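Contents: one structure, followed by commentary.
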Amino acid sequence: MSSLLTRIKSNLQTLSEAEKKMGVYVLENPELIPDMTTKDLAKKAGTSESSVIRFCKSIGIGSFKSFKLGLAKELATSDKNITDLDFLQKKSEPYDIFHKVAHVNKSAIEEIATSLDRKEFEQAVETINNANRLILYGVGGSATAAVDAYYKFTKLGYPCTAHQDFHFLLSSIPYLTKHDVVIAISMSGKTKDVLELSRFTQKEGATVIAITNLDKSPLYKEADIRLCTPVVEHDYRIGSIPSRMTQLTIIDALYLSVLNRKGEDVLPQYHEARNEVVRLRR
């Protein structure tokens, strides 16, 4: 538990009844607080706005704004994750869950800067920019990022393949050359199909770019270029939520970086496709 939440818990019994209500609500719903006003918190905790201010002062914080900033900073580095199965032990209002999801996804995206190596990312952009063909592969939640990359790089004119059939992709690997790229996406980096596809790719001389966690990831160790996502979820979870957001963010950054390299060369094709879309809407 973070230090600020620990302070609230340890002082809970010394607070007034109104402040105690506030403290209990904050301890049970810390992810919601940074997006609240004093009015919001007072209503949720069943107290008054003045009680919110007194609560902050009672735990040694000068203002509600400072309290929110401090709590947001601690939550960004905490291990709390709404995709863990513990989430099911407590019932929440749908709109409160929305705020929790927004907070978790925002924090996950901000953490990418600490896990992504600049040189590796720039090498990935250069490699994709010079590639003849791209194969994108991920399973489970990572398949979403693979399909998103397929859509984006197809718009740049790359011959792309993104398929869920592992054996179908295996049949295409022998046709790859050193100028082709496989982008392998796996949160854990331990998925057998992804690893086998990557190893076969390297055997044929093509480049493997991995989007994976650094933590105990075989894919990270074996790939030619490693784009590391932060560890924001456990393997055993309800669903891929913040981890998927980190993968999609890296895909977006790769796409825009390659587009920037190509410059205005692709604009005629973009405009032609756009004009056709507009025509078909009429």
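Keep in mind that this is a model prediction, so the values were computed, not measured.
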Exercise. Closest approach of Val258 and Val125, non-hydrogen atoms and distance?
Worked result: CG2-O, 4.0 Å
Exercise. Can you tell me if OH on Tyr150 sees more than 12 non-hydrogen neighbours from other groups inside 6.0 Å?
Worked result: no
Exercise. Salt bridge between Arg199 and Glu196, side-chain N to carboxylate O under 4.0 Å?
Worked result: yes
Exercise. Is the NZ atom of Lys203 crowded by more than 12 outside heavy atoms at less than 6.0 Å?
Worked result: no
Exercise. Do Ile185 and Ile128 sit in the same hydrophobic cluster, where Ile, Leu, Val, Met, Phe, Trp and Tyr count as joined when their side-chain heavy atoms come under 4.5 Å apart?
Worked result: yes
Exercise. Any side-chain donor-acceptor pair under 3.5 Å between Ser243 and Thr246?
Worked result: no
Exercise. Can you check whether Leu176's main-chain N or O pairs, donor with acceptor, with Glu204's side chain at less than 3.5 Å?
Worked result: no
Exercise. Taking atom OG of Ser186 and atom CG of Leu195, what is their separation to the nearest 0.5 Å?
Worked result: 7.0 Å
For this session: State plainly whether one hydrophobic cluster holds both Leu41 and Ile61, where clusters connect Ile, Leu, Val, Met, Phe, Trp and Tyr through side-chain heavy atoms under 4.5 angstrom apart.
Result: yes
For this session: Consider only side-chain N and O atoms of Thr212 and Ser217, and report whether a donor and an acceptor are under 3.5 Å apart.
Result: yes
Exercise. Quick check: does any side chain N or O of Asn29 sit under 3.5 Å from a backbone N or O of Leu32, one acting as donor and the other as acceptor?
Worked result: no
For this session: State, without any angle test, whether Thr14 and Asn11 hold a side-chain donor-acceptor pair at a distance under 3.5 Å.
Result: no
Exercise. Taking Ser66 for the side chain and Gly62 for the main chain, is one N or O donor matched with an acceptor at less than 3.5 Å?
Worked result: no
Problem set entry | Check: Leu27 and Leu12 side chains under 4.5 Å, non-hydrogen atoms | yes
Problem set entry | Under 3.5 Å donor-acceptor, Ser16 side chain and Glu19 backbone | yes
Exercise. Are any non-hydrogen side-chain atoms of Asp148 and Tyr255 less than 4.5 angstrom apart?
Worked result: no
Exercise. Taking the side chain as C-beta and beyond, is there a heavy-atom pair between Pro159 and Asn132 under 4.5 Å?
Worked result: no
Problem set entry | Common cluster, Val208/Leu169, ILVMFWY with side-chain heavy-atom separation under 4.5 Å | no
For this session: Might you point out which heavy atoms bring Leu156 and Val266 nearest each other, and give the distance in Å?
Result: O-CG1, 4.4 Å
Problem set entry | Residues Ser198 and Glu222: side-chain donor-acceptor under 3.5 angstrom | no
For this session: Please name the pair of heavy atoms, one in Met187 and one in Gln247, separated by the smallest distance, quoted to 0.1 Å.
Result: N-NE2, 3.7 Å
Exercise. If you measure from CD1 on Ile225 to CD on Gln123, what distance do you get to the nearest 0.5 Å?
Worked result: 4.0 Å
Exercise. Backbone N or O of Asp193 within a donor-acceptor pair of the Thr191 side chain at under 3.5 Å?
Worked result: no
Problem set entry | Heavy-atom side-chain proximity of Thr47 to Phe55 below 4.5 angstrom | no
Problem set entry | Linked, directly or transitively: Leu280 and Val278 (ILVMFWY side chains, under 4.5 Å) | no
Exercise. Stepwise, does the side chain to side chain contact (heavy atoms under 4.5 Å, CB included) test hold for Ile135 with Ile183?
Worked result: CA-CA 6 Å; Ile135 290 181; Ile183 300 179; over 6 Å; no
Exercise. What pair of heavy atoms forms the shortest contact from Lys20 to Leu15, and how long is it?
Worked result: N-CB, 3.9 Å
Exercise. Tell me, do Met245 and Lys106 make a side-chain contact under 4.5 Å, heavy atoms counted?
Worked result: no
For this session: Report the distance from atom NZ of Lys44 to atom NZ of Lys21, rounding to the nearest 0.5 Å.
Result: 15.0 Å
For this session: Walk me through it: do Met22 and Arg54 pass the test side chain to side chain contact (heavy atoms under 4.5 Å, CB included)?
Result: CA-CA 10 Å; Met22 199 81 59; Arg54 288 196 297 271; over 6 Å; no
Exercise. Going by heavy atoms in the side chains, are Asp117 and Cys228 under 4.5 Å from each other?
Worked result: no
Exercise. Given side chains that start at C-beta, do those of Ile33 and Tyr25 come closer than 4.5 Å, heavy atoms only?
Worked result: yes
For this session: Check whether more than 12 heavy atoms from other residues, nucleotides or ligands sit under 6.0 Å from atom OH of Tyr151, and answer yes or no.
Result: no
Exercise. Is the backbone of Tyr220 close enough, under 3.5 Å, to the side chain of Arg226 for a donor and an acceptor to pair up by distance?
Worked result: yes
Exercise. Rounded to the nearest 0.5 Å, what separation is found between the CD atom of Gln202 and the CG atom of Leu197?
Worked result: 10.5 Å
Seminar exercise, completed: Between the CG atom in Leu4 and the CG atom in Leu69, the distance rounded to the nearest 0.5 Å is 11.5 Å
For this session: Go through the steps for Val181 and Arg133 under the test side chain to side chain contact (heavy atoms under 4.5 Å, CB included), then give the verdict.
Result: CA-CA 6 Å; Val181 173; Arg133 181 184 175 193; over 6 Å; no
Exercise. Taking a hydrophobic cluster as the set of Ile, Leu, Val, Met, Phe, Trp and Tyr residues connected by side-chain heavy atoms closer than 4.5 Å, whether directly or through intermediates, do Tyr137 and Tyr158 fall within one such cluster?
Worked result: no
Problem set entry | Heavy-atom closest pair, residues Arg244 and Gly141 | CG-O, 4.2 Å
Exercise. Within the side chain of Arg7, is there an N or O that forms a donor-acceptor pair under 3.5 Å with the backbone of Ile59?
Worked result: yes
For this session: To the nearest 0.5 Å, tell me how far Glu49 CD sits from Lys43 NZ.
Result: 12.0 Å
For this session: Walk me through it: do Thr207 and Asp180 pass the test side chain to side chain contact (heavy atoms under 4.5 Å, CB included)?
Result: CA-CA 6 Å; Thr207 300; Asp180 299 321; over 6 Å; no
Exercise. So, for Ala143 and Gln164, which heavy atoms are closest and what is the spacing to 0.1 Å?
Worked result: CB-NE2, 3.4 Å
Problem set entry | Between Thr229 and Asn213: side-chain donor-acceptor atoms closer than 3.5 Å | yes
For this session: I would like to know whether Ser257 and Asn260 meet side chain to side chain donor-acceptor pair (under 3.5 Å); could you show each step before the answer?
Result: CA-CA 5 Å; Ser257 296; Asn260 185 257; over 6 Å; no
Exercise. Do Lys152 and Lys155 come close enough that some side-chain heavy atom pair is under 4.5 Å?
Worked result: no
